[in-house]
Each structure stands twice: as C-alpha cells, then as structure tokens.
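For reference, the structure is listed below as structure tokens.
Computed over heavy atoms, backbone and side chain alike; hydrogens, waters and symmetry mates excluded. Ligands are counted one by one from 1 in listed order, and the atoms in each one are counted from 1 as well. Since the structure is predicted, the reported quantities are computational estimates derived from the model, not experimental observations.
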Amino acid sequence: MNDAPLRRERSALTGFAINRLDRREDLRNKPDAVTALRHRSDTRIVAVAGETPVLKRLDGEALSIWFSHGETEMLGPAAEEIFLGMAEDGAPRFARLLDRALAETLKERPELFLTDLRSVALKRIVPEDEVGPLGEAKAVLDWHARHRFCAQCGGPTVAGASGWRRECTACGAMHFPRTDPVVIMLVTRGDACLLARQARFAPGMYSCIAGFVEPGETLEDAVRRESWEEAGLRVGTVRYIASQPWPFPSSIMVGCIAEALGDEITLDMTELEAGRWFPREEVLQMLDGVHPDGLACPQHIAIANTLVRAWALECERI
Ligand SMILES: [Zn+2]
C-alpha cells in the first residue's frame with residue numbers, strides 16, 4: 001500500500017494512526033481459510049496479557065509486537081484470538097489475548113518486555129507501523145474481555161467471525177466491536193485559544209477540552225455542547241481537522257477547531273482545575289518547551305498536539 005496520501009493527512013500524524021494491515025473482512029466468516037492462515041510459517045501474532053501488551057526483545061535494544069506461531073505457544077493459552085488481516089508482504093497477522101495473571105510471570109522472562117499501551121506509543125519503543133496494529137488488537141481484545149455476556153438477555157456469548165463478533169448462545173443476538181466517538185476541540189478567539197487542565201494531568205500540562213458524543217447530536221453540536229458545559233463558552237462555526245483511534249478502551253477522537261462567540265470563560269470545576277485563553281506566542285513557547293513557567297502542551301501521540309500545532313504553527317483557522 002502506498003502511504004504517500006496517508007502521510008499528507010493530519011490524522012496520520014497522531015499516535016495509533018499508522019496501520020497498514022489489509023483487514024480482509026471477506027475472510028472473517030471463512031473459518032477454514034483463517035485456520036490455514038493461522039498455521040502458516042510467516043504468520044505473526046501480537047499478544048496482550050489482560051491489559052498489558054507483551055513485546056519481544058530483538059537484537060540490542062529493539063522491541064517488536066510480533067511473535068511467530070511457536071513463540072506465541074510459549075507465552076500461554078489464548079483466551080481469545082482475532083484475525084487482524086494481512087501485512088503488506090502478504091503475511092497473516094493475528095492477535096491473542098492471554099490471561100491477565102500471566103503478565104506477572106511473563107515479566108520475568110528475559111526475552112520479553114511488558115509495558116502499558118500508552119508507554120509503547122509515547123516512548124516510541126517499537127517501529128511506528130506496529131503501534132497502530134497494537135492499538136487495534138488491544139481495543140478488540142478489550143472488547144471481548146468486557147462483553148462475555150449478552151447485553152440483550154444476559155446469556156453467555158462466544159466469539160465469531162474470526163474475532164470480529166460475539167454471538168449469544170441463549171438468544172442468538174450478535175454483538176460487534178464498538179468505537180465510541182469523542183469530540184476534542186481547540187476553541188479559539190482571535191489570536192488566542194482555550195487550553196485547560198484536569199487535576200490528573202502532569203504538572204504544567206494544558207490541553208484541549210473534550211467529551212463523548214451523545215445520542216442524537218452531530219459532531220458539531222457535540223463540540224458546541226461540550227464547550228458550553230466545560231468552559232461556559234458559546235461556540236459558532238466548527239471545523240473538522242483530524243481524527244485518531246484512541247484505544248483507551250475504544251474511542252475515536254474527532255479533532256475540531258471551533259470559534260468562540262465571547263471571551264468570558266466559566267470552567268466546570270468538577271472536570272477541570274484550570275483553564276484560560278492562551279495567546280499564540282505563548283502556545284508556541286509551550287510547543288517549543290521554552291515556556292517561562294514550564295507550561296506544556298500534550299505530547300506527540302495525542303491529537304490535542306496535532307490540533308494545537310495546526311492552529312499555532314500552520315495557522316489553521318475556522
Ligand atoms: Zn442474548
């Protein structure tokens with residue numbers, strides 16, 4: 001797959017976005033074909049123990065998410081397995097969920113390295129094109145772990161469609177992996193933008209405001225509602241900038257720039273501990289890491305970083 005067009009998209013600059021697997025949806029309901037792919041010698045498998053990705057040490061400091069068939073068998077039994085698709089070289093790719101209790105034992109093995117998903121992306125410890133498939137695998141495996149019973153009748157469910165569906169053994173209902181949209185917006189007013197912080201953020205870090213899209217509203221309406229609820233700001237025009245798969249546990253972040261209709265900010269102090277208008281010059285200092293008070297923007301993997309850069313560096317406006 002030629003990734004040149006992908007590279008030009010702002011979405012492609014966000015963490016978890018680069019994913020070159022061909023998902024081959026047409027094979028998911030052909031169990032014999034998928035089983036044959038699973039046993040090919042060039043098949044590679046990503047493993048997650050409960051919540052924790054399991055990485056393989058290569059030579060030196062290098063790490064990879066991909067294990068061979070034999071290496072995967074040495075990790076432990078699968079609670080679930082998903083067919084992810086085919087790599088660019090035509091080799092099959094799968095994902096395997098291991099019992100969370102195995103994480104502690106696997107940590108002791110010198111050929112393995114276990115760390116949380118966020119750190120894998122943030123610290124760039126695996127090749128860039130492995131972060132997206134890992135996020136995809138983690139999101140779908142998490143979904144399996146959390147949907148063992150039918151939302152309709154409470155009966156037990158089993159995996160189907162090579163891991164892309166759960167089927168109720170009692171009422172026959174079919175359930176599919178879900179992706180929850182979250183709007184994240186840089187609200188601007190002239191040559192300033194609103195940045196705010198939650199108490200859980202690292203000291204000095206300010207970010208965009210965000211919130212889940214609710215049933216019955218457009219993305220633009222969700223941006224306007226969240227801007228009002230979190231910052232007391234009425235917002236007019238909203239424009240889409242970029243999106244990001246965000247597997248914590250299963251969101252799609254929809255990044256927008258929005259135009260405030262007034263100056264007065266009234267923060268929702270149950271969600272935010274601070275927030276204000278930041279002039280563009282100050283935002284540039286934050287991006288460059290030279291803010292006199294040590295204030296900073298979110299790191300490269302976050303779409304908030306993409307939004308702030310688009311506005312402050314590339315002069316993207318409504
Ligand atoms: Zn059911």
Side-chain angles (χ1 to χ4, degrees), residues 16 19 21-39 43 45-54 65 69 72-73 75-86 92-103 116-118 132-183 210-219 221-222 225 243-254:
F16 306 101
N19 189 340
L21 299 186
D22 178 353
R23 297 184 182 217
R24 293 301 304 270
E25 186 270 346
D26 57 309
L27 292 174
R28 290 176 186 168
N29 285 304
K30 295 176 179 166
D32 291 347
V34 171
T35 300
L37 292 174
R38 176 66 180 78
H39 290 94
T43 294
I45 301 133
V46 52
V48 179
E51 301 277 302
T52 311
V54 182
I65 68 167
H69 175 79
T72 313
E73 293 304 308
L75 297 176
E80 299 288 353
E81 207 164 80
I82 306 164
F83 172 54
L84 294 179
M86 310 296 275
R93 294 286 191 264
F94 286 78
R96 174 178 268 216
L97 180 66
L98 309 170
D99 192 285
R100 74 174 59 242
L102 277 173
D116 64 285
L117 180 62
R118 194 180 298 258
L134 178 61
E136 174 193 351
K138 174 78 164 39
V140 184
L141 293 172
D142 270 355
W143 174 79
H144 280 287
R146 289 181 289 113
H147 292 79
R148 293 181 298 116
F149 296 94
C150 177
Q152 191 158 280
C153 79
T157 59
V158 293
S162 305
W164 289 91
R165 189 168 72 209
R166 289 194 78 82
E167 300 157 359
C168 177
T169 55
C171 76
M174 294 198 285
H175 305 278
F176 298 89
R178 53 181 297 159
T179 298
D180 303 315
V182 172
V183 285
F212 281 101
V213 180
E214 293 191 348
E217 64 185 358
T218 63
L219 298 174
D221 286 343
R225 176 181 54 74
S243 64
Q244 174 183 34
W246 192 244
F248 301 101
S250 55
S251 291
I252 171 85
M253 307 295 286
V254 183

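The pair Arg93-Glu136 fails the salt-bridge criterion, with no side-chain N (NZ, NE, NH1 or NH2) lying under 4.0 Å from an Asp/Glu carboxylate O.
The one candidate from Val158, Val140, Leu97, Leu98 that meets the side-chain contact (heavy atoms from CB on, under 4.5 Å) condition with Glu80 is Leu97.
With sequence neighbours left out, the ring-ring contact (aromatic ring centres under 6.0 Å, His included) criterion links Phe248 to Phe16, Trp246. When the ring-ring contact (aromatic ring centres under 6.0 Å, His included) test is applied to Trp164, no partner is found at least two apart in sequence or on another chain.
Within the model, atoms CD1 of Ile45 and CZ of Arg38 stand 3.5 Å from one another, a figure rounded to the nearest 0.5 Å.
Listed by chain and number, the protein N, O or S atoms at a distance under 2.8 Å from the Zn ion (ligand 1) are Cys150 SG, Cys153 SG, Cys168 SG, Cys171 SG.
Sorted by first then second residue, the side chain to side chain donor-acceptor pair (under 3.5 Å) pairs that include residues 170-181, not counting sequence neighbours, are Arg178-Asp180, Asp180-Ser250.
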